[in-house]
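Single-structure report; data block below.
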Amino acid sequence: MTPARALAALMAAGALATACASTVRSNDPADRPAHPVGIVHQRWRTTLHEHGYFEAEPEECATGVMARGRLVIGSRAGNVVAIDPAQGHVDWAVAVSGGVDSEARYDAARDQIYVGTDDGTFTALDPAQGAIKWSYRGKGAVERAAAFDARELVYFSTASDQVYAVEASTGKWRWQYGRETPEGFTIHGNAGPRLLGDRVLTGFADGYLVSLSAVTGDLQWARSLAAASDQFVDVDSTPAPAANGAIVLASSYSGGLYAVDPRDGVVRWRLGIEGVGTVTPSDGKLYFAAPRQGLHAIDESGRVLWRQGLTAAGDLTPPVVLGHYLVFTGSRAGLFVVDRDTGALFETFNPGRGICGAPTIDLENGRIYVLSNGGALYALDLG
């Protein structure tokens, strides 16, 4: 079976997802049910960043994007590269102003790729040759994915609790909104912007979730998600709308997961799980990972359907729905493939040193790409 047909089969299988009772599953191999063997197979490996042999704990947290038939991804080497998905050859490479830990986004309407760097620079690139179209320098590292739509604006956030809107064609500043970072310790990371109609929703380290006018940046409402705790209240998850459109999911690190009304920020329910990451909605279910309590599936009322414990996996990326499976990475444990109906762990792939960045899904070729913390890019075929 070809990779593309294998992926089609996985997608078809996902349509058969059924509701399941609330369960908790361990990561003990003896407890795992029978499952398919060899879901992913390594196709090629390409080194993007040569880390020193004695570098104890390197990290590479960039996530790529498919554009014009190529994989485009950055690294902490300070480069963005375009990779031929068939053989792993580098088609072009361009130096940027800093290391890249962000998720690249492709704006097909304008035929340009957006990528952020650790020095606060947000850049638009030509996917054909890698030429830099424009750059805008903000305050704080740019680590989250940008947001854009048919408007002329593109939105991005930084680790210094700033949200920017710039013109997509020129990079010219249009507006920004920021909040003061609280004194003392905060959790590393920040929320990305989520565009919902005429609103931009995002969170901040002071525990607030806010709604801004997408056109002017004016504050529409601000809701504290810090009521359950007085420390580590950071709202670092990118808000995610549920399928029914009536609620948006966001989390405070210590306070847990909140479902809020996007119109006014009123809290509809709360699930007190520490460290909840960005939620992935699919077919009436909500999937998310938390570093201590593992992977979860809940319904849109907040009822837990199942939980998969992932011991010592490290920081977990938001799960990606891929047919019958959920795919995500752990900063210490590598790539996970999990049954999305039950939480059963089907397969792991750890090239050593773990995987900090989220996987890139290539639907056309039926493939997953992951950048290891050691700086090697892997192409994994499905089926």
Side-chain angles (χ1 to χ4, degrees), residues 61-68 71-75 80 82 94 96-127 130-178 189-204 210-217 235-241 248 250 277-278 280 317-318 320 357-358 360-361:
C61 299
T63 301
V65 68
M66 299 304 299
R68 287 197 174 192
L71 169 68
V72 180
I73 188 169
S75 73
V80 178
V94 61
V96 289
S97 60
V100 178
D101 280 321
S102 64
E103 177 182 349
R105 293 292 307 275
Y106 178 48
D107 185 346
R110 301 174 182 89
D111 194 30
Q112 57 192 25
I113 295 166
Y114 303 118
V115 65
T117 61
D118 294 342
D119 69 354
T121 303
F122 184 74
T123 298
L125 299 167
D126 172 14
I132 294 177
K133 292 185 172 183
W134 53 258
S135 292
Y136 179 87
R137 183 70 174 268
K139 179 183 178 182
V142 182
E143 298 178 346
R144 303 303 186 196
F148 55 88
D149 65 2
R151 296 182 182 88
E152 176 56 22
L153 303 183
V154 56
Y155 310 88
F156 68 96
S157 62
T158 74
S160 295
D161 276 346
Q162 300 290 318
V163 182
Y164 295 85
V166 298
E167 293 181 1
S169 58
T170 66
K172 181 181 178 181
W173 179 93
R174 289 286 292 272
W175 59 257
Q176 74 185 78
Y177 174 88
N190 64 283
R194 179 72 67 181
L195 192 58
L196 294 178
D198 60 355
R199 306 171 183 270
V200 176
L201 273 68
T202 193
F204 294 89
V210 306
S211 175
L212 307 170
S213 165
V215 176
T216 65
V235 179
D236 288 341
S237 65
T238 300
V248 170
T278 298
T280 301
T317 61
V320 177
T360 303
I361 307 300

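Only a predicted model underlies this, so the values are computations on that prediction, with no experimental measurement involved.
Minimum heavy-atom separation, Val154 to Ala146: CG2-CB, 4.0 Å. Closest approach of Leu153 to Ala165, counting heavy atoms only: CD1-CB, 4.3 Å. Heavy atoms only, all atoms of each residue included: Pro127 and Gln112 are closest at CD-CA, 4.0 Å. Taking each heavy atom of Leu125 and Gly130 in turn, the nearest pair found is CD2-O, 3.7 Å. Nearest heavy-atom pair across Gly203 and Ala191 is N-CB, 3.5 Å. Taking both residues in full, the closest heavy atoms of Gly74 and Ala62 are given as O-CB, 3.2 Å, listed atom of the first, atom of the second, then distance.
Between the Trp134 side chain and the Ala168 main chain, a donor and an acceptor come within less than 3.5 Å of each other. Checked by atom type and distance alone, the side chain of Asp101 never pairs as donor or acceptor with a backbone atom of Glu143 at under 3.5 Å.
Between the CD1 atom of Ile113 and the NZ atom of Lys133 there is a distance of 9.5 Å, given to the nearest 0.5 Å. The OG1 atom of Thr238 sits 9.0 Å away from atom CD of Glu103, with the distance rounded to the nearest 0.5 Å. In this structure, Thr216 OG1 and Arg174 CZ are separated by 10.0 Å, a value rounded to the nearest 0.5 Å. Atom CG of Asp119 sits about 3.5 Å away from atom OG1 of Thr117, to the nearest 0.5 Å. Once rounded to the nearest 0.5 Å, the distance linking OG1 of Thr158 with CZ of Arg144 reads 12.0 Å.
Taking Phe148 as the reference, Tyr114 meet the ring-ring contact (aromatic ring centres under 6.0 Å, His included) condition, with sequence neighbours excluded. With sequence neighbours excluded, the residues forming a side-chain hydrogen bond (donor to acceptor under 3.5 Å, both in side chains) with Trp173 are Gln176, listed by chain and number. Every ring-ring contact (aromatic ring centres under 6.0 Å, His included) that Phe204 has, sequence neighbours left out, goes to Tyr177. Partners of Tyr106 according to the side-chain hydrogen bond (donor to acceptor under 3.5 Å, both in side chains) rule, which considers only residues two or more places apart in sequence or in another chain, are Asp111. Not a single side-chain hydrogen bond (donor to acceptor under 3.5 Å, both in side chains) links Arg105 to another residue, sequence neighbours left out.
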I'd like to know whether Leu196 forms a side chain to side chain contact (heavy atoms under 4.5 Å, CB included) with Leu201, so could you lay out the CA-CA distance, the side-chain angles of the two residues, the decisive distance to 0.1 Å, and finally the verdict. CA-CA 7 Å; Leu196 294 178; Leu201 273 68; 4.2 Å; yes
Pair Tyr136, Tyr164 - check ring-ring contact (aromatic ring centres under 6.0 Å, His included), show working. CA-CA 10 Å; Tyr136 179 87; Tyr164 295 85; 5.6 Å; yes
Run the side chain to side chain contact (heavy atoms under 4.5 Å, CB included) test on Thr202 and Val210 for me, step by step, so that the C-alpha distance in whole Å, both residues' side-chain angles and the decisive distance to 0.1 Å come before the verdict. CA-CA 6 Å; Thr202 193; Val210 306; 4.1 Å; yes
Please test Met66 against Leu71 for side chain to side chain contact (heavy atoms under 4.5 Å, CB included), starting from the C-alpha separation and ending with a verdict. CA-CA 5 Å; Met66 299 304 299; Leu71 169 68; 3.9 Å; yes
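Aromatic ring pairs are classed by plane angle as parallel below 30°, tilted from 30° to 60° and perpendicular above 60°; the pair Phe156 and Phe122 is parallel.
For the side-chain contact (heavy atoms from CB on, under 4.5 Å) with Val200, the lone residue among Ser157, Pro193, Pro239 that qualifies is Pro193.
Residues Thr360 and Thr63 have side chains that never bring a donor and an acceptor to within less than 3.5 angstrom of each other.
Pairs passing the side-chain hydrogen bond (donor to acceptor under 3.5 Å, both in side chains) check and including a residue from residues 145-155, sequence neighbours excluded, read Asp149-Arg151, Glu152-Ser169.
Residues Ile132 and Val94 are in side-chain contact: their nearest non-hydrogen atoms beyond the backbone lie under 4.5 Å apart. Considering only heavy atoms from C-beta on, Val80 comes within 4.5 Å of Val72 through its side chain.
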